[in-house]
Amino acid sequence: MCDMEVINHYDLLIEEENDPFRDPPILQEYMSQWDGARFIEAMELTKSKKVLEIGIGTGRIAVKVAPFCMNLTGIDVSPKTIKRAKENLKEHTNIVFICDDFNDYQFSGTFDVIYSSLTMMHFKHKKQVVTKIDTLLSKNGIFCLSIDKNQSEYIDIGTRKIRVYPDTLENIKSLIMATAMSVSMVFETDNAYIIVSKK
Ligand SMILES: C[S@@+](CC[C@H](N)C(=O)[O-])C[C@H]1O[C@@H](n2cnc3c(N)ncnc32)[C@H](O)[C@@H]1O
C-alpha cells in the first residue's frame, strides 16, 4: 500500500502546474539527466514488443517509447497524474493507463520490456518490487531501471516533505541477481545510474 502522502504530493504537483511533459525544451533536457536517449536505446524497442512503465508520471518518457513498441502500459498511483498523462498522450492509441499502486495491481500477462525512472526511491520494500518485475518480464525480456544518485531520505520542496527510500547500485544489482534476471549493462548519467537487466 502506497503512502497517502506520496499520492497527495504528486496530485498537488499537477494542481501546481508542475508537469515535466509540458516543460520548455531546456528543462526537458535537464530531466533527461536521469535517463535520456541511451536509456531508451537500451530497451531495444521494436513494433512487436509489449512494454510496461512503472511510475509513468505525466508521460515524459512514454511519449518517446510508445511510437516504437506494439503497446505500452503505464501505471501510476496518483489519480491526477494519470489523468494528465492521458491528456498529454491522447494521440498515442497504443497506451493503456492504470491508476494503482504497482505493488497491489494484478497484471494479466507479461511484458517484453519493463522500465522505470525516478520512481524506485518511492518503494520501501525493494525486494518485493524487483521480484514482481521478474515475474512480469517475459523470457528474453529487458528491464531498464534508472535510480537516482541522490541519497537524501526526503523530497523537500519547502511546503511539503516526502519520505523516500534511496537506492544504491550495489543493493539493486544484488536484488536483480537474486532473480531469473541478470545485469547486462550499467552506465551513469549526470544524476542517475542506469541498470539494464535481461531474463
Ligand atoms: C518523480 S515521478 C517520475 C515520473 C516519470 N517516471 C518521469 O521520470 O517523468 C515518480 C512517479 O512515480 C509514481 N509512484 C510513486 N509510487 C508509486 C507506486 N507505488 N506505484 C505506482 N506509481 C508510483 C508517482 O505518482 C509519480 O508519478
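Count residues from 1 along the sequence. Computed from heavy atoms alone, side chains included, the values below leave out hydrogens, waters and symmetry copies. Since this is a predicted model, take the numbers as computed values, not measurements.
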Checklist entry - Taking side chain as C-beta onward, heavy atoms only, is Met70 less than 4.5 Å from Lys50? => result yes
Next on the checklist: Side chains of Asp76 and Thr81 only: does a donor on one sit below 3.5 Å from an acceptor on the other?
Outcome noted: no
Checklist entry - Looking at Thr179 and Val130, what are the two nearest heavy atoms and their distance? => result CG2-CG1, 4.0 Å
Checklist entry - Between Glu87 and Arg22, is the closest basic N to carboxylate O distance under 4.0 Å? => result yes
Next on the checklist: Any non-hydrogen side-chain atom of Leu89 less than 4.5 Å from a side-chain atom of Val63?
Outcome noted: yes
Checklist entry - Lys199 side chain to Leu137 main-chain N or O, any donor-acceptor pair under 3.5 Å? => result yes
Checklist entry - Are Asn191 and Asn150 close enough, and set up right, to give a side-chain contact (heavy atoms from CB on, under 4.5 Å), and what steps lead you there? => result CA-CA 7 Å; Asn191 294 337; Asn150 188 344; over 6 Å; no
Next on the checklist: Apply side-chain contact (heavy atoms from CB on, under 4.5 Å) to residues Val65 and Leu45 and explain how you reach the verdict.
Outcome noted: CA-CA 8 Å; Val65 171; Leu45 297 171; 3.9 Å; yes
Next on the checklist: Between Arg60 and Gln28, is there a side-chain heavy-atom distance shorter than 4.5 Å?
Outcome noted: no
Checklist entry - Can you find a pair of side-chain heavy atoms, one from Leu175 and one from Met181, that are under 4.5 Å apart? => result no
Checklist entry - Is a salt bridge present between Glu188 and Lys149, judged by a nitrogen-to-oxygen distance below 4.0 Å? => result yes
Next on the checklist: I'd like to know if the side chain of Lys126 reaches the main chain of Met120, judged simply by a donor and an acceptor atom lying under 3.5 Å from each other, with no hydrogens or angles considered.
Outcome noted: yes
Item to check | Ile133 side chain near Phe102 side chain, heavy-atom distance below 4.5 Å | outcome: yes
Checklist entry - Do NZ/NE/NH1/NH2 and the carboxylate oxygens of Asp3 and Arg163 come within less than 4.0 Å? => result no
Next on the checklist: Can you pull out every ring-ring contact (aromatic ring centres under 6.0 Å, His included) where at least one residue sits in residues 14-61? Sequence neighbours excluded, please.
Outcome noted: Tyr30-Trp34
Checklist entry - Does Glu41 pair with Arg38 as a salt bridge, N-O distance under 4.0 Å? => result no
Next on the checklist: For Phe97, give me all partners under ring pair (Phe, Tyr, Trp, His ring centres under 6.0 Å), at least two apart in sequence or on another chain.
Outcome noted: none
Checklist entry - What do the steps show when you test Leu118 against Asp148 for side-chain contact (heavy atoms from CB on, under 4.5 Å), and what is the final call? => result CA-CA 6 Å; Leu118 264 174; Asp148 199 345; 3.8 Å; yes
Checklist entry - Any chance the rings of His122 and Tyr10 have centres within less than 6.0 Å? => result yes
Item to check | Considering all heavy atoms, the nearest Asn103-Gln128 contact | outcome: OD1-NE2, 3.4 Å
Item to check | Ala66 versus Ile95, closest heavy-atom pair with distance | outcome: CB-CD1, 3.8 Å
Next on the checklist: For Glu53, is there any backbone N or O sitting under 3.5 Å from a side-chain donor or acceptor partner on Ser116?
Outcome noted: no
Item to check | Stepwise side-chain contact (heavy atoms from CB on, under 4.5 Å) check, Ile176 with Phe143 | outcome: CA-CA 10 Å; Ile176 290 170; Phe143 169 44; 4.1 Å; yes
Next on the checklist: For a 4.5 angstrom cut-off between non-hydrogen side-chain atoms, does Tyr115 reach Leu72?
Outcome noted: yes
Item to check | Heavy-atom pair with the smallest gap, counting every atom of Cys144 and Ile142 | outcome: SG-CG2, 3.9 Å
Item to check | Contact summary for Leu136 and Gly109, nearest pair of heavy atoms | outcome: CD2-O, 3.9 Å
Next on the checklist: To check you understand the geometry: which heavy-atom pair defines the closest contact between Ala42 and Val196, and what is its length?
Outcome noted: CB-CG2, 3.7 Å
Checklist entry - Do Phe68 and Ile40 touch side chain to side chain, with heavy atoms closer than 4.5 Å? => result no
Item to check | Ala85 backbone acceptor or donor facing Lys90 side chain under 3.5 Å | outcome: no
Next on the checklist: Quick check against the 3.5 Å criterion: does Thr58 have a side-chain atom that pairs as donor or acceptor with the backbone of Arg84?
Outcome noted: no
Checklist entry - Between Ser146 (side chain) and Ile194 (backbone), is there a donor-acceptor pair under 3.5 Å? => result no
Checklist entry - Do the side chains of Lys49 and Glu44 get nearer than 4.5 Å, heavy atoms only? => result yes
